[in-house]
Amino acid sequence: MSSLFASVMLPFILAPWVPALYRKAGRRVGFLVAVVPVSLFVYYLGFLGELGSEPVGFRLPWIPLLGVDLSFALDGFGLLFALLITGIGSLVVIYSTYYLGPREDLGKFYLYILIFMGAMLGVVTADNIVLLYIFWEITSVASFLLIGFWHTREESRWGALKAMMITVLGGFGILTAAVLLYVVGGSFELSALMENREAVLASPLYVPIVLLLLLGAFTKSAQAPFHIWLPGAMAAPTPVSAYLHSATMVKAGIFLVGRMAPLLGGTPLWYYTVSAVGAVTVFLGAFLAIRQTDLKALLAYSTVSQLGLIMPMFAAGTEVAALAGAAHILNHATFKGALFMLVGIIDHETHTRDLRRLGGLYKAMPVTAVLTGIAALSMAGVWPLNGFVSKELIFEAMLHPPFGPDVWTQAFAVLAVLGSAMTTIYCLILAHRINFGKPRYGDAEHPHDPPAGMLLGPVLLVGLVVLLGVYPYIAEGPIFNAAASGHMREEVHGHVHNVPVPGMPLAMSLIALGLGLWGYRHLESVRRAFDQVRPRVHANAVYDGILAGLDRLSRWMVRVHMTGLLRDYIAYILLVVFLGIGLAAAASGAAFDLRLDLAPMTFVEAVVIALIIAGAIAVAAFRHRLAAIVALSIVGLMVSFLYVQLRAPDLALTQLMVESISTVLILLAVRYLPPLPKEQDTARRKAADIALAAGAGALVAFLALMTNANRLFPSISQYFVENSKPLGGGSNIVNVILVDFRGVDTMGEITVLGIAALSVYALVTLRQRTRGRAERPVDDPPVAFDDPRSAARDAREGEMP
Amino acid sequence: MPLDGDVGLLLPEIIVTLAAVVALATGLRPQAGRAPAVWAFLGVTAAALLLLIGEGRGQAVEIWSGTVLVDGFARLFKLVFLVIAGLTVLVAADYVRRRGIPPGEFYLLLLLATVGMMFMAGSLNLLTIYLGLECLSLASYSLSGLLRRDARSTEAALKYILIGAISSGTILFGMSLVFGATGSLHLGEVSQAVSSATGMTPVLLAGMMFLVVGLGVKMAAVPFHMWAPDVYDGAPAPVAAFLITGSEAAAFAAALRIFLVGLPSLRAEWTAVFVTLAVITMTFGNISAIVQTRIRRLLAYSAVAQAGYVMVGLAIASDAAVSAMLYYLIAYAFTTIGAFTVVILLARHQPADEIQDFRGLGQRAPLFALALTIFMLSFIGIPPTAGFFGKFYLFQAAVGAGMPWLAVIMVINGIISIPYYWGVVRTMYLSEAEDRSPLEAPWGLRWATVIGLGATLVLGLFPDALVRVVNAIQVVPGLPIAF
């Protein structure tokens with residue numbers, strides 16, 4: 001099935017050409033772009049009735065060494081999503097041609113939309129978890145770009161980061177789960193993993209795998225407490241909200257749960273986690289929706305709530321639940337997609353989305369009002385619309401939980417009914433409150449129904465709402481059962497019905513509708529009561545708290561470790577050396593054996609060494625630079641003297657020369673240095689410095705002794721003594737070594753000296769040439785490393801204004 | 001110096017050195033124009049081509065009494081260094097002219113630093129590695145301070161030289177201790193001597209630790225990274241890009257050779273040390289980056305964090321981990337240079353050191369903004385970018401080596417890094433610019449961006465070719481050690 005692969009890749013391949021096309025075709029580009037989703041929709045329609053639990057697949061090696069292949073598989077479950085992605089995609093592409101103003105860059109807009117579409121198709125057809133994850137993240141990025149397409153407001157900045165943080169957090173969860181699954185099941189391929197289900201279930205990693213994977217699903221599908229990103233994402237243009245944030249992307253989490261259920265599901269952990277989160281989300285989403293005054297925010301929370309209703313259906317593992325989930329995915333996409341587009345129309349015509357400024361729209365824009373009413377009533381679950389059909393199934397599924405009814409499942413059902421009652425309230429707001437009553441048209445004088453092209457999407461979707469409500473049997477076999485089969489990985493033959501059947505589910509529906517109606521009649525008091533609820537802990541505060549905490553931690557960390565003082569930095573380095581050696585020695589448990597084989601010390605040597613030590617201490621202790629330099633010279637001189645004492649006159653001479661030159665150089669440099677800063681150290685700091693210095697000295701002394709004890713080969717001097725006359729022809733061994741045995745080295749050294757001399761000459765002449773011109777001032781004062789100003793700047797730079 | 005027929009194997013190094021000298025010479029004329037840059041670029045390209053198509057591929061040859069080794073590992077790293085140097089020349093051409101940096105000196109130092117890196121990866125002899133390191137270090141100190149009128153640049157050079165001196169001293173001390181304990185500077189012989197030596201373990205451990213610390217400074221691992229924010233922020237921007245990518249990669253190359261070839265019998269010890277350092281490094285780097293307001297300081301801390309990820313590979317040191325490390329280093333080099341190119345582009349027109357200056361870049365330079373977005377995604381490790389596969393590869397290696405907790409720490413770090421990387425993207429797209437004039441890019445910057453972006457995407461979309469290459473690389477060359 002290479003056509004399947006091509007269908008996923010097509011949007012990606014065509015996307016980069018859209019901006020160029022826009023430059024040629026102008027605003028009609030939308031209709032040209034629409035060809036892509038429409039033809040893909042037709043392509044996927046061709047699978048209807050043919051696909052069930054058995055997938056068609058395609059596989060292309062990609063990174064075989066890492067176990068990641070381009071493997072795709074389409075079954076009835078994926079097909080349902082693919083149809084939604086391409087179908088609603090087509091409508092949205094056409095709708096946005098009218099919706100977006102003439103100044104918007106449609107080229108960029110459709111580029112992002114196509115990339116999103118391809119990624120979404122990839123998610124629902126991928127058979128490799130890593131591949132799925134890759135597409136998954138591309139949808140997050142596309143979502144960001146589409147949100148950022150429009151807005152430069154502060155709140156959308158906040159929302160955009162939040163959406164990214166939360167969805168990427170979930171994405172990393174999936175990736176981690178994938179790698180753990182690889183460890184347990186030996187593959188990233190879903191089909192291969194299914195074979196190893198027993199091993200996965202028995203593994204100790206099963207619990208982390210499930211939790212990480214669900215983290216991904218919950219974040220993407222905006223389940224509590226991760227729902228906070230979705231309202232922020234509503235800053236996007238309305239077509240984008242309709243497409244990504246209600247119909248497709250947010251359902252990716254549901255898809256993931258449905259896809260992984262045959263592998264990871266069937267356990268209480270799986271079922272109860274998903275059901276509990278879903279039930280809380282249904283309730284919370286509906287509750288928050290009622291508190292909104294912005295129509296889009298209301299729809300956003302309503303989406304949260306509805307997703308919470310669907311998610312547990314794919315965790316139960318029963319036939320009726322699978323069927324209910326499949327049906328409600330389609331139904332929710334139809335009525336919610338329509339509602340978003342209709343709210344977009346209202347916003348477009350009245351320039352407001354504020355509920356309090358809208359009313360009596362039926363008089364001004366009757367078509368819009370009727371469509372809004374039908375879609376909203378369907379969401380409330382009113383007979384004979386499609387929302388009623390799937391809600392009945394959902395309640396029925398909730399009454400037959402896989403592990404038998406217990407207090408938990410009853411609680412889930414109660415939450416669902418209460419959530420549905422609140423759903424009825426806000427649906428009535430959409431269906432009744434803004435359409436009837438006193439005319440309030442926001443900022444517009446005479447709003448009217450939009451052009452036909454803009455109504456096309458809502459009309460088609462509301463048409464489906466009615467059709468699937470009146471005659472759901474048309475979709476029962478090819479769509480609902482096929483999707484349920486694909487999810488269950490076995491053939492499902494369930495039944496939907498649109499006739500109210502007396503029983504518990506109908507009773508639950510009626511309770512929800514009745515409660516909702518009552519609540520709507522007392523809307524103001526309900527709102528007031530809801531507004532009283534101000535929980536101390538809520539998800540947004542936690543999110544903000546975490547970010548603020550990170551910020552504080554960061555500030556503190558930079559302040560503490562970037563002191564700008566060289567001495568601190570050296571202290572860190574030395575500490576690591578000590579700790580590292582200690583750690584490594586402890587790890588290896590090495591016993592050391594100090595084979596001391598030392599010559600006795602003469603009195604003179606002892607005196608010299610005492611002087612060296614005294615000099616070194618004096619260097620550190622003197623508060624005056626000149627005195628410190630003198631003390632340093634004493635150390636150098638005494639070392640030279642020690643060489644003399646040990647009968648190495650050449651070494652002594654070299655040392656003496658180096659000493660003299662460096663002392664002169666230091667003295668020359670001193671006049672450029674600022675005075676030493678005043679002593680500010682605490683006694684503790686001093687003690688720490690002394691301890692570090694003593695430790696470093698002890699370590700080096702110990703190492704020197706250790707190494708000295710290790711004689712790996714005989715001294716080379718014997719060789720020179722024996723061979724200098726016969727091979728080198730000279731009796732002065734040093735001379736022979738320099739010009740003969742190491743002749744090449746000597747030549748190299750001479751060359752270096754020559755080049756250095758040339759450079760010195762060049763510098764001197766340069767100096768003479770520039771002296772003629774004006775004496776250049778020192779443009780910057782030299783930066784002193786231990787200068788407290790520099791330290792202050794270091795600390796300051798780590799801070800934000 | 002014994003010269004023999006093997007000199008051909010060092011032709012790339014020789015070409016780069018000659019190009020450096022020519023660049024210096026052409027830069028001496030007052031109206032040097034583009035000549036030094038062109039010569040430098042030609043030299044680097046010729047050397048790279050020679051490595052790609054020259055003879056002797058697929059073998060490991062040790063020449064000059066074991067002081068130089070040419071094998072697949074060395075070739076790959078040399079190629080990486082040359083590509084980094086070439087991209088730096090592209091990025092720098094315009095910058096050097098505008099900021100009045102003497103071009104001859106700039107390209108000379110740049111190429112000499114590159115030669116230093118090449119020797120660090122191309123030897124099993126501690127002394128050669130050290131000489132390469134010094135060649136790199138001395139050139140980098142001078143490069144950092146080339147903006148002589150800029151106090152930040154001067155301060156950067158000074159800090160770098162002071163901490164760099166400590167690093168060099170430490171490495172040298174470590175090498176002498178290893179020599180003292182084993183009697184050889186050749187890593188192959190060191191390894192044999194270590195396995196037979198008894199009683200010398202404390203000295204060797206100390207030597208190992210000093211080497212870890214010294215190389216850690218070059219990798220900018222925490223807590224030896226104090227120079228990094230100042231240098232990457234204050235040095236000329238192309239130099240910063242070069243050092244973050246090249247110098248760090250060279251340090252890792254040397255570390256791989258030293259620890260895997262020379263000290264495999266101390267594996268338990270250095271693994272413990274590197275794991276600890278890796279965790280500290282990535283966590284400190286990422287957390288410190290959050291509050292940075294200057295873009296290059298942010299990238300500097302990001303570089304610290306990325307070094308932590310790479311170090312995970314060094315700590316695990318399995319075959320898969322080493323391959324992952326190589327992949328990561330290469331992916332990261334392209335992404336970093338690309339990101340720096342956008343930074344340099346913006347700073348061309350106005351003083352633009354603050355992240356705030358990126359406001360509205362999405363409108364002013366849409367393609368560059370999109371490129372930077374993709375680079376940031378690559379830094380975070382989000383597909384379909386090179387950075388994602390680098391992290392994924394490392395991740396799998398960590399889990400495969402039985403250290404899933406290390407993988408989890410990497411993931412948590414990935415999440416911590418989102419606010420600061422994504423903050424830049426957000427600023428570009430969701431904030432209005434005060435100055436809305438479109439940005440003009442000289443061709444060098446444009447090409448560097450295109451190459452960086454292309455590589456970041458290609459390595460993200462078609463990673464297989466490079467995965468195969470790095471998978472075939474052997475750190476321990478299969479050559480007889482007999483002399």
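We name chains A, B, ... by the order of the sequence lines, and we start the count at 1 in each one. The basis for the numbers below is simple: all heavy atoms, side chains too, and nothing from hydrogens, waters or symmetry mates. None of the values given here were measured: they were computed from a predicted structure.
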Participant: Centre-to-centre under 6.0 Å for B:F392 and A:F188, is that the case here?
Facilitator: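 Yes, they do, as the ring centres are separated by less than 6.0 Å.
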
Participant: Supply the atom-to-atom distance A:I63 CD1 to B:F462 CZ, rounded to the nearest 0.5 angstrom.
Facilitator: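 It comes to 11.0 Å.
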
Participant: Please examine the side chains of B:S288 and A:M562, heavy atoms only from C-beta on, and report whether any two atoms are closer than 4.5 Å.
Facilitator: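 Side-chain contact under 4.5 Å: no.
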
Participant: For the residue pair A:W62 and B:F389, is the inter-centroid distance of their aromatic rings smaller than 6.0 Å?
Facilitator: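 That pair passes the under 6.0 Å test.
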
Participant: How about B:F388 and A:V130: do any of their side-chain heavy atoms sit closer than 4.5 Å?
Facilitator: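 B:F388 vs A:V130: side chains touch.
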
Participant: Could you tell me which portion of B:I380 (side chain, backbone, both or neither) has an atom closer than 4.5 angstrom to a non-hydrogen atom of chain A?
Facilitator: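 Both backbone and side chain.
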
Participant: Please check if atom CG in A:D745 has more than 12 non-hydrogen atoms from other residues, nucleotides or ligands closer than 6.0 Å.
Facilitator: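 Counting neighbours around CG of A:D745, more than 12 heavy atoms of other residues, nucleotides or ligands fall under 6.0 Å, so yes.
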
Participant: Output the distance between atom CZ (A:R555) and atom CD1 (B:I287), rounded to the nearest 0.5 Å.
Facilitator: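 Rounded to the nearest 0.5 Å, the CZ-CD1 separation comes to 13.5 Å.
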
Participant: If I take atom CD1 from residue B:I290 and atom CG from residue A:D551, how far apart are they, to the nearest 0.5 angstrom?
Facilitator: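 Result: 7.0 Å between the selected atoms.
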
Participant: Do A:F144 and B:W422 have side-chain heavy atoms sitting under 4.5 Å apart?
Facilitator: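 Yes - at least one pair of side-chain heavy atoms lies under 4.5 Å apart.
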
Participant: Can you tell me how far CG of B:L205 sits from CD1 of A:I581, rounded to the nearest 0.5 angstrom?
Facilitator: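 So the gap between those two atoms works out to 7.5 Å.
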
Participant: Does any non-hydrogen side-chain atom of B:L377 lie less than 4.5 Å from one of A:E137?
Facilitator: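 Answer no - side chains too far apart.
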
Participant: Supply the atom-to-atom distance B:M410 CE to A:F172 CZ, rounded to the nearest 0.5 angstrom.
Facilitator: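 B:M410 atom CE to A:F172 atom CZ measures 10.0 Å (nearest 0.5 Å).
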
Participant: Does A:M164 reach the side chain of B:P419, with side-chain heavy atoms less than 4.5 Å apart?
Facilitator: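 No, too far: nothing below the 4.5 Å cut-off.
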
Participant: For the rings on A:Y182 and B:F395, is their centre-to-centre separation under 6.0 Å?
Facilitator: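 No - the distance between ring centres of A:Y182 and B:F395 does not fall below the 6.0 Å cut-off.
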
Participant: Rounded to the nearest 0.5 Å, how far apart are CG of A:L579 and OG1 of B:T276?
Facilitator: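 A:L579 atom CG to B:T276 atom OG1 measures 10.0 Å (nearest 0.5 Å).
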
